[in-house]
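Presented below is the structure to which this report refers.
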Amino acid sequence: MLELKDKSEEMMELARRRGFIWPSFEIYGGVGGFYDFGPLGSVLKNKIIQKWREFYLVGENFFEIDSPSVMPEEVLKASGHVDHFVDAMVECKKCGNSFKAVDVAREATGKDIEGMKEAEMDEFFAKNKVKCPDCGGELGKVFLFNSMFRTFIGPGSQRVGYLRPETAQGIFIDFKRLQRYARGRLPFGAIQIGKGYRNEISPRQGIIRLREFTMAEAEVFFDPENPHHPNFSSLADEKIRLWRAEDQIKGEEKIVEVTAREAVEKNYIHNELIAYYAALTKKFLMELGIPYEHIRFREQKPWQRAHYSSETWDAEVYTKRFGWVEVAGIANRTDYDLSRHAKFSGEDLTMTVGESGRKIICHVVEPSYGIDRPLYCVLEHAFVEEGERKYLRLKKWLAPVEVGVFPLLKRDGLPEKAIQVQNLLRSRGLLADYDDSGSIGRRYARADEIGTPYCVTVDHQTLEDDTVTVRDRDTTKQVRVSIEKLPDVLTSLLHDQINFENVGTPVKK
RNA sequence: GCGGUGGUAGUCUAGCUUGGUUAGGACACGAGCUUGCCAAGCUCGCAGCGCGGGUUCGAAUCCCGCCCACCGCACCA
């Protein structure tokens, strides 16, 4: 176990050193829960987002929108976040420390006061003569700490706003226009990719718990009388591993492996759309390079669910560092959000369906993904050690540098030729980096470390016949390819469309 | 938030106990030489005591506060 932890620490050190992930505000000492993506991390992150768009924008044919991160208070009152996104706290009048009211009560009296109103908590503390757990001082009144970042819109601090805790609300707000855009089609989906903000009391676990993070969310609107996905059959036979709430409650770590169809038939998952998106999520994660056995879906127990959810399945990925990590959640949000926004805004958010002209409030199934967490999982799973050789075995298409271009020697015109090759590759849309520093072996090692799948080397033979060697990261084998064919060959290789052995003449070591 | 441990170049680290060193090394990085394919070698170079205060003639070293990281607890809608 210790050894495994060292390995993931080594991976994080690599990520920091080579420009994937950096602590934010570092020269001012840093602030917990915030991270920057460096040059390589940014590309990697964007590639993950691009893949997600392939799944949801292209594959599902959903509508993408982009709405503000700052939201006026009314929106989040309606959504329930102002009231439910909170912790009750007490502050000591003497030493000034703040504590969770529930914890202080449990520590002092052994009683659970979860669910009480603030006034009831005040009464409870007074009756039980509860003092500050740190200094024994008098406790102040219970107050609610909301985990949303609060701000003001405009000068004069009149209008309260919050940084959005989820991108989803932006979609619900636009429902009227979206359903018109969909021209009556149901189900239809809308997606949004962007930052979300949660003012965590104590962020931990590096990039796993951030105060500002990127999420990719889809809201699938459907008629509650017809909760079917038109393409369910295309994923019905996909296998998924489920950890049901029932088994969790029994204390059993029992995983049932079923197809999406069986999950619905056996009533493990109570909604076909959820089963469909679970299967799609599994495919997405595997596409990023997460192995099947390291993916499971955990059903949230009733009391764990968000205030808006009637059923939630979390997609979890196994990591050495943090154990099972939630990377996506698929929730049945019912008509909660639309009903609430209809009520609070006074707008009609119903939709008319079918020949009967039936008016319905759409129900919503929400597949909601983090981007930062899967990115961590991708890095951790990609990091391999083969003796002294340590490198990222990233999926080829995911690598932030796709090709390294090296002159074998720094003379005889080889650097100039290599730069020409690099320019050719970049002009064809490939992320190609040039490196002429140190021995050729060192350069291969540098490239391997950041997961560069192919390295092209220009040697003396290049000057004679315009061919170069192409080296495969995983096997270190080389083939000789003509420069003319190089862009197409590399592009095909990156998308696993051809076999490395078949792209050119093998080079003897 | 609580308790514990820690913070010295890009990275890993010596020095801290017992205050006074030009703060040492290794790797990495850069320049040059060398090098016809997998972290070779040589020369030179860049670069550091988390932040703020205090004690002291003098602080990387002692004291206080803060920040950050790691472990455990709690939290994770």
Side-chain angles (χ1 to χ4, degrees), chain A residues 2 5 8-10 12-14 16-19 22-34 38 79-92 96-104 106-107 114 132-134 145-148 165-166 198-206 208-211 300 303-309 312 314 321 325-326 329 331 387-391 404 406-412 414 436-449 455-463 468-473 475-478 480 507-509:
Chain A
L2 259 175
K5 208 180 72 191
S8 62
E9 261 163 28
E10 213 170 323
M12 281 307 286
E13 192 266 305
L14 185 162
R16 215 175 329 119
R17 189 164 40 79
R18 295 303 306 272
W22 294 329
S24 295
F25 317 115
E26 204 175 5
I27 65 168
Y28 289 100
V31 179
F34 294 95
S79 72
H81 287 90
V82 170
D83 293 328
H84 295 283
F85 211 65
V86 292
D87 285 307
M89 308 283 292
V90 270
E91 196 178 64
C92 172
N97 283 340
S98 299
F99 311 90
K100 288 204 153 194
V102 174
D103 296 346
V104 177
R106 192 189 305 114
E107 243 174 78
E114 181 93 61
C132 172
D134 273 6
F145 173 77
N146 193 293
S147 321
M148 289 191 291
E166 54 173 6
R198 298 175 184 189
N199 200 0
E200 299 283 350
I201 295 171
S202 66
R204 276 293 185 82
Q205 307 175 308
I208 296 298
R209 269 183 78 194
L210 297 172
R211 286 185 164 131
Q300 285 190 2
W303 57 88
Q304 291 178 322
R305 291 195 298 254
H307 60 274
Y308 49 71
S309 170
T312 300
D314 285 339
R321 180 71 178 278
V325 168
E326 175 196 347
E388 279 299 287
R389 191 167 174 244
K390 291 164 188 164
Y391 65 106
F406 313 144
L408 184 58
L409 295 169
K410 229 188 318 190
R411 54 172 157 85
D412 304 334
L414 297 181
D436 65 10
S437 140
S439 70
I440 190 73
R442 176 177 294 280
R443 285 174 266 162
Y444 286 143
R446 270 202 285 258
D448 289 341
E449 196 178 36
C455 290
V456 166
T457 302
V458 167
D459 57 15
H460 284 95
Q461 192 180 329
T462 310
L463 302 178
V468 291
T469 61
V470 178
R471 168 187 176 275
D472 179 77
R473 176 194 67 202
T475 62
T476 77
K477 283 185 181 160
Q478 287 176 295
R480 192 164 270 281
V507 176
K508 288 183 289 277
K509 273 210 171 176

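Excluded from the calculations below are hydrogen atoms, water molecules and symmetry mates; all remaining heavy atoms, backbone and side chain alike, are included. In the text below, chain A, chain B and the rest are named by the order of the sequence lines, each starting its count at 1.
Taking atom CE on A:M12 and atom P on B:rU11, their separation rounds to 13 Å, with Å as the unit. What separates NZ of A:K390 from C1' of B:rC27 is a distance of 12 Å, to the nearest Å. As a whole-Å value, the separation of A:R18 CZ from B:rA28 C1' is 10 Å. Rounded to whole angstrom, the span from the CD atom of A:E13 across to the C1' atom of B:rC12 amounts to 8 Å. Atoms CG (A:L14) and P (B:rC29) sit 13 Å apart, rounded to a whole Å. A:E9 has its CD atom 14 Å from the C1' atom of B:rU11, to the nearest Å. Atom pair A:E26:CD and B:rA69:C1' shows a separation of 11 Å (rounding to whole Å applied). A:R442 has its CZ atom 9 Å from the C1' atom of B:rA40, to the nearest Å.
For A:E449, the side chain to side chain donor-acceptor pair (under 3.5 Å) criterion is met by A:R17, A:R18, not counting sequence neighbours. The side chain to side chain donor-acceptor pair (under 3.5 Å) search around A:R446 returns A:D435, A:S437, not counting sequence neighbours. Here A:D314 pairs with A:R298 under the salt bridge (Lys or Arg N to Asp or Glu O under 4.0 Å) rule; sequence neighbours left out. For A:F34, the side-chain contact (heavy atoms from CB on, under 4.5 Å) partners are A:S24, A:F25, A:V31, A:F149, A:R211, A:E212, not counting sequence neighbours. For A:K477, there are no side chain to side chain donor-acceptor pair (under 3.5 Å) partners at least two apart in sequence or on another chain. In terms of the side-chain contact (heavy atoms from CB on, under 4.5 Å) criterion, residue partners of A:T469 (sequence neighbours excluded) are, by chain and number, A:T457, A:D459, A:Q478, A:R480, A:V507. Residues meeting the side chain to side chain donor-acceptor pair (under 3.5 Å) test with A:R471, sequence neighbours left out: A:D448. Checked against salt bridge (Lys or Arg N to Asp or Glu O under 4.0 Å), A:R473 has no partners two or more places apart in sequence or in another chain. Here A:R305 pairs with A:Q300, A:P302, A:S309, A:T312 under the side-chain contact (heavy atoms from CB on, under 4.5 Å) rule; sequence neighbours left out.
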Reading 5' to 3' through nucleotides 30-35 of chain B, protein heavy-atom contacts under 4.0 Å coded B for base, S for sugar-phosphate only, - for none: S-S--B

Per-nucleotide protein contact string for nucleotides 43-54 of chain B, where B marks a base within reach and S marks sugar-phosphate only (heavy atoms under 4.0 Å, - for neither): ------------

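Within the 4.0 angstrom heavy-atom criterion, no nucleotide atom of any strand lies near A:R389. A:V31 comes within 4.0 angstrom of sugar-phosphate atoms only, judged by non-hydrogen atoms across all strands, and of no base. A:H307 comes within 4.0 angstrom of the backbone, heavy atoms only, and of no base. Contacts of A:E326 with the nucleic acid, taken as non-hydrogen atoms under 4.0 Å apart, are absent.
With both ends at atom C1', the span from B:rC66 to B:rC29 equals 33 Å, rounded to whole Å. To the nearest whole angstrom, the two P atoms, one in B:rC12 and one in B:rC73, are 26 Å apart. With both ends at atom C1', the span from B:rC62 to B:rC49 equals 16 Å, rounded to whole Å. Nucleotides B:rG50 and B:rC67 are separated by 8 Å at their C1' atoms, to the nearest Å. The gap from the C1' atom of B:rC57 to that of B:rU17 amounts to 24 Å, rounded to the nearest Å. Rounded to the nearest Å, the gap between the P atom of B:rU8 and that of B:rC70 is 14 Å. Remark: the separation of the C1' atoms in B:rG30 and B:rG72 is 44 Å, to the nearest Å. Going from the C1' atom of B:rU61 to that of B:rG7 covers 14 Å, rounded to whole Å.
With hydrogens and angles ignored, no donor-acceptor pair under 3.5 angstrom links the side chain of A:Y28 to the base of B:rC67. With hydrogens and angles ignored, a donor-acceptor pair under 3.5 angstrom links the side chain of A:R209 to the base of B:rC75. Between the side chain of A:E200 and the base of B:rC76 there is no donor-acceptor pair of N/O atoms closer than 3.5 Å.
Checking B:rC38, B:rG36, B:rU11 against every side-chain atom of A:H460, the shortest atom distance belongs to B:rG36.
Taking syn as a glycosidic angle within 90° of 0, B:rG48 does not qualify and is anti.
Nearest-nucleotide positions on RNA chain B for A:R471 and A:G206 put A:R471 closer to the 5' end. Nearest-nucleotide assignment on RNA chain B puts the 5′-proximal partner with A:A445, out of A:A445 and A:Q205.
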CA sep, side-chain torsions, deciding dist, call: A:H460, A:D412, side chain to side chain contact (heavy atoms under 4.5 Å, CB included): CA-CA 8 Å; A:H460 284 95; A:D412 304 334; 2.8 Å; yes

Side chain to side chain contact (heavy atoms under 4.5 Å, CB included) assessment of A:R16 paired with A:E13: CA-CA 5 Å; A:R16 215 175 329 119; A:E13 192 266 305; 4.2 Å; yes

Side chain to side chain contact (heavy atoms under 4.5 Å, CB included) assessment of A:R321 paired with A:I208: CA-CA 11 Å; A:R321 180 71 178 278; A:I208 296 298; over 6 Å; no

Dot-bracket pairing map - RNA chain B, Watson-Crick plus G-U, both contacts under 3.5 Å, | cross-strand: (((((((..((((......[...)))).(((((.......)))))....(((((..]....))))))))))))....

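In this structure a side-chain-to-backbone donor-acceptor pair under 3.5 Å is present from A:R443 to A:P407.
Contact of the A:N146 side chain with the A:H81 side chain is not registered, since no non-hydrogen atoms from C-beta on lie closer than 4.5 Å.
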